[in-house]
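The sequence lines fix the lettering, A, B, ..., with proteins before strands; numbering per chain opens at 1. In this text the structure is predicted, and so the values were computed from the model without any measurement.
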Number of protein chains: 2
Amino acid sequence: MKNRLKVLRAERSWSQQDLADRLEVSRQSVNAIETGKYDPSLPLAFRIAETFDMSIEEIFTKD
Amino acid sequence: MKNRLKVLRAERSWSQQDLADRLEVSRQSVNAIETGKYDPSLPLAFRIAETFDMSIEEIFTKD
DNA sequence: TCACTATGTAAAGGGTGTTTGACAATGATT
DNA sequence: AATCATTGTCAAACACCCTTTACATAGTGA
């Protein structure tokens, strides 16, 4: 799975920590998802989509 | 998270095994997701959405 | 009744997601 | 030069996802 987190975050000038705070996860989780180390859980994917006011499919794609 | 898996599956007259085969997971995984024991991983949620030709948001909701 | 299908559930084990704490490297500011 | 914010990464620990194997129950049809 690929994702557009890094771009979306940059567009808003948020640090990884800023996004982590909004998502209520650790900064390391945000970093790991951005750098492709693993995919978020489904509930977290929903929170991410909410945070960026987009659908999950607009943020994540199957490679 | 809630999901409409059981209804969508019934609409197509698929057994849990039928759906599991299409998703390439075990029948127990389908059952566990349907009965709310846990949420699928994000990649599996994508396969589920594809299988039913719907968006993830149309199938899963945050309670 | 006997077989067969479908569903729910349980236990054990491997793999993944998330956490905290820590350290290093870079770039900007003072 | 020293500080600070940001990012990347690592390790250990714990919870969750998914597997296989297995057993129990209920419904269907020969």
Side-chain angles (χ1 to χ4, degrees):
Chain A
M1 306 244 18
K2 288 184 178 175
N3 70 74
R4 308 207 303 124
L5 232 58
K6 198 162 190 164
V7 173
L8 295 173
R9 184 172 61 77
E11 283 174 0
R12 288 157 182 77
S13 299
W14 292 345
S15 68
Q16 291 183 345
Q17 184 64 64
D18 290 336
L19 178 54
D21 290 345
R22 288 171 187 268
L23 296 173
E24 296 183 307
V25 296
S26 68
R27 177 184 69 84
Q28 286 85 341
S29 287
V30 169
N31 183 78
I33 293 166
E34 281 194 1
T35 58
K37 287 197 182 163
Y38 51 71
D39 300 318
S41 67
L42 187 57
L44 179 50
F46 265 84
R47 275 183 277 154
I48 292 171
E50 275 179 3
T51 298
F52 290 112
D53 202 26
M54 300 172 75
S55 71
I56 291 179
E57 285 87 348
E58 284 171 326
I59 302 178
F60 298 90
T61 57
K62 297 183 63 179
D63 290 340
Chain B
M1 307 247 14
K2 287 183 179 175
N3 70 73
R4 310 205 303 123
L5 231 60
K6 198 162 189 164
V7 173
L8 295 172
R9 184 172 61 76
E11 283 173 0
R12 288 158 182 78
S13 300
W14 292 346
S15 68
Q16 291 182 345
Q17 185 65 63
D18 290 336
L19 178 54
D21 290 344
R22 289 171 186 267
L23 296 174
E24 296 183 305
V25 295
S26 69
R27 177 183 70 84
Q28 285 82 346
S29 287
V30 169
N31 183 77
I33 293 166
E34 281 193 1
T35 58
K37 287 196 182 163
Y38 52 71
D39 299 318
S41 66
L42 187 56
L44 180 50
F46 267 83
R47 289 200 306 261
I48 293 171
E50 276 179 3
T51 298
F52 290 112
D53 201 25
M54 301 173 74
S55 70
I56 292 179
E57 284 88 348
E58 285 171 328
I59 302 177
F60 298 90
T61 57
K62 298 183 60 178
D63 288 341

| B/Q17 CD to B/Q28 CD distance, which is reported to the nearest 0.5 Å | 8.0 Å
| Along DNA chain D, 5' to 3', what are the outermost nucleotides having an atom less than 4.0 Å from a heavy atom of chain B? | D/dC17 to D/dA22
| Flag side-chain contact, heavy atom, 4.5 Å: A/W14 against A/D21 | no
| How would you list, by chain and number, every residue that makes a side chain to side chain donor-acceptor pair (under 3.5 Å) with B/T35, sequence neighbours excluded? | none
| query | C/dT19 P sits how many Å from A/N31 CG, rounded? | reply | 13 Å
| note | Sequence neighbours excluded, the answer for side chain to side chain donor-acceptor pair (under 3.5 Å) partners of A/T51 is none
| Whole-Å gap separating P (C/dA10) and OH (B/Y38) | 13 Å
| message | What's the separation between atom CD1 in B/I56 and atom CG in B/N3, rounded to the nearest 0.5 Å? | response | 12.0 Å
| remark: A/S15 meets the side chain to side chain donor-acceptor pair (under 3.5 Å) criterion, sequence neighbours left out, with A/D18
| said: Looking at B/Q16, is its backbone amide N or carbonyl O close enough to the side chain of B/R27 to form a donor-acceptor pair, meaning the two atoms are under 3.5 Å apart? | reply: no
| request: Treating Ile, Leu, Val, Met, Phe, Trp and Tyr as nodes and any side-chain heavy-atom pair under 4.5 angstrom as an edge, say whether A/V30 and A/V7 lie in one connected cluster. | output: no
| field | Which residues share a side chain to side chain donor-acceptor pair (under 3.5 Å) with B/R22, sequence neighbours left out | value | none
| remark: So CD1 of B/I33 and CZ of B/F60: to nearest 0.5 Å the spacing works out to 6.5 Å
Identify all side-chain donor-acceptor contacts of residues 38-47 of chain A below 3.5 Å with residues at least two apart in sequence or on another chain.
from, atom 1, to, atom 2, distance (Å)
A/S41, OG, A/L44, N, 3.3
A/R47, NH1, A/L23, O, 2.5

| Which nucleotides of nucleotides 25-30 of chain C have their base under 4.0 Å from a protein heavy atom (B), which only their sugar-phosphate (S), and which neither (-), written as one string 5' to 3'? | ------
| request: Mind grabbing the angle between the end helix axes of the helix from C/dT1-D/dA30 to C/dT30-D/dA1? Five pairs an end, 10° rounding. | output: 30°
| request: Quick one: pull up OG in B/S55 and CD in B/E50 and give me the separation to the nearest 0.5 Å. | output: 12.5 Å
| field | Between C/dT7 (P) and B/E34 (CD): distance, integer Å | value | 8 Å
| field | Residues that A/E57 engages under salt bridge (charged side-chain N to carboxylate O under 4.0 Å, His left out), provided they are two or more places apart | value | none
| message | Using a strict heavy-atom distance below 4.0 Å, which residues from residues 39-63 of chain A are in contact with DNA chain D? | response | none
| Under the side chain to side chain contact (heavy atoms under 4.5 Å, CB included) test, which residues partner A/T61, sequence neighbours left out? | A/K2
| CD (A/E24) with more than 12 external heavy atoms under 6.0 Å | no
| note | Expected list for residues 11-29 of chain B near DNA chain D, using heavy atoms below 4.0 Å, is B/E24, B/V25, B/S26, B/R27, B/Q28, B/S29
